[in-house]
Amino acid sequence: MITIHLKYEIDADKLEDFEEYGRRWVGLVNRFGGTHHGYFLPSEGDSDIAYALFSFPSLAAYEQYRADSMEDPECQAAFELARSTRCIKRYERRFLRPLDGLSQP
């Protein structure tokens, strides 16, 4: 399993747009065979940092999702929402593997 950790720098004045973007991607990741663990939005502390976590069974499955998402109309609409509203200033992506006693390297 591979878990993707995204750290977003968002426009705090466009939080509602970012929330809509996140709602769309939760369903899309799940539709493409992943497991979305949710978006985590600013509360206390930094008002312009948000996070997302989602997993795929393997790096290959994630790469297939990435390729397929480039051709999917709903994914493209979600990308366009972020572009047109400029709710995301930048993001960082990290790949993690769980250490849960069950996973093997």
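We're numbering straight along the sequence, starting at 1.
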query: Quick one: do Leu6 and Leu96 end up in the same hydrophobic cluster if we chain Ile, Leu, Val, Met, Phe, Trp and Tyr together by side-chain heavy atoms under 4.5 Å apart?
result: no
- prompt: Does the pair Arg66/Glu63 count as a salt bridge with the N-to-O cut at 4.0 Å?
  reply: no
task: Could you check whether the rings of Tyr62 and Phe95 sit parallel, tilted or perpendicular, using 30° and 60° as the cut-offs?
output: perpendicular
- prompt: When you look at CD of Glu80, are more than 12 heavy atoms from neighbouring residues, nucleotides or ligands closer to it than 6.0 Å?
  reply: yes
query: Sequence neighbours excluded, which residues qualify as salt bridge (Lys or Arg N to Asp or Glu O under 4.0 Å) partners of Arg31?
result: Asp72, Glu74
query: Could you go step by step and tell me if Arg24 and Leu81 meet the side chain to side chain contact (heavy atoms under 4.5 Å, CB included) rule?
result: CA-CA 10 Å; Arg24 292 181 186 195; Leu81 173 67; 4.0 Å; yes
- request: Quick one: do Glu16 and Glu20 satisfy side chain to side chain contact (heavy atoms under 4.5 Å, CB included)? Show the steps, please.
  value: CA-CA 6 Å; Glu16 288 182 19; Glu20 176 59 25; over 6 Å; no
message: Quick one, Lys89 and Ile10 - any side-chain contact, counting heavy atoms below 4.5 Å?
response: no
field: Cluster overlap Tyr91 with Leu15, hydrophobic side-chain contacts below 4.5 Å
entry: yes
task: Taking the side chain as every heavy atom from C-beta outward, state whether Ile88 and Tyr21 have any pair of such atoms under 4.5 Å apart.
output: yes
- request: Please confirm whether the backbone N or O of Ala82 pairs with a side-chain atom of Asp17, one donor and one acceptor, at under 3.5 Å?
  value: no
task: Find out if a path of hydrophobic residues (ILVMFWY) with successive side-chain heavy-atom gaps under 4.5 Å connects Tyr65 to Val26.
output: yes
- request: List the steps and the verdict of side chain to side chain contact (heavy atoms under 4.5 Å, CB included) for Ser55 and His37.
  value: CA-CA 8 Å; Ser55 298; His37 307 294; 2.7 Å; yes
- prompt: Are the charged groups of Glu92 and Arg94 less than 4.0 angstrom apart, N to O?
  reply: yes
- prompt: How does the hydrophobic cluster around Phe40 look, that is, which other residues are in it when side-chain heavy atoms under 4.5 Å mark a link?
  reply: Ile49, Tyr51, Leu53
- prompt: Can you tell me if CZ on Arg23 sees more than 12 non-hydrogen neighbours from other groups inside 6.0 Å?
  reply: yes
- prompt: Is the ring centre of Trp25 less than 6.0 Å from the ring centre of Phe32?
  reply: no
message: So, taking the atom named CG in Asp13 and the one named OG in Ser47, what distance separates them when rounded to the nearest 0.5 Å?
response: 8.5 Å
task: Step by step, work out the side chain to side chain contact (heavy atoms under 4.5 Å, CB included) result for Leu28 and Cys75.
output: CA-CA 7 Å; Leu28 290 167; Cys75 294; 4.0 Å; yes
query: Can you check whether Gln76 reaches Met70 side chain to side chain, under 4.5 Å on heavy atoms?
result: yes
- prompt: Looking only at atom types and distance, does a side-chain atom of Lys14 sit under 3.5 Å from a main-chain N or O of Thr85, one as donor and one as acceptor?
  reply: yes
message: Aromatic contact between Phe18 and Tyr39, with the criterion being ring centroids under 6.0 Å apart: yes or no?
response: yes
- prompt: Looking only at heavy atoms, which two atoms of Pro57 and Gly33 are closest? And how far apart?
  reply: CD-O, 4.0 Å
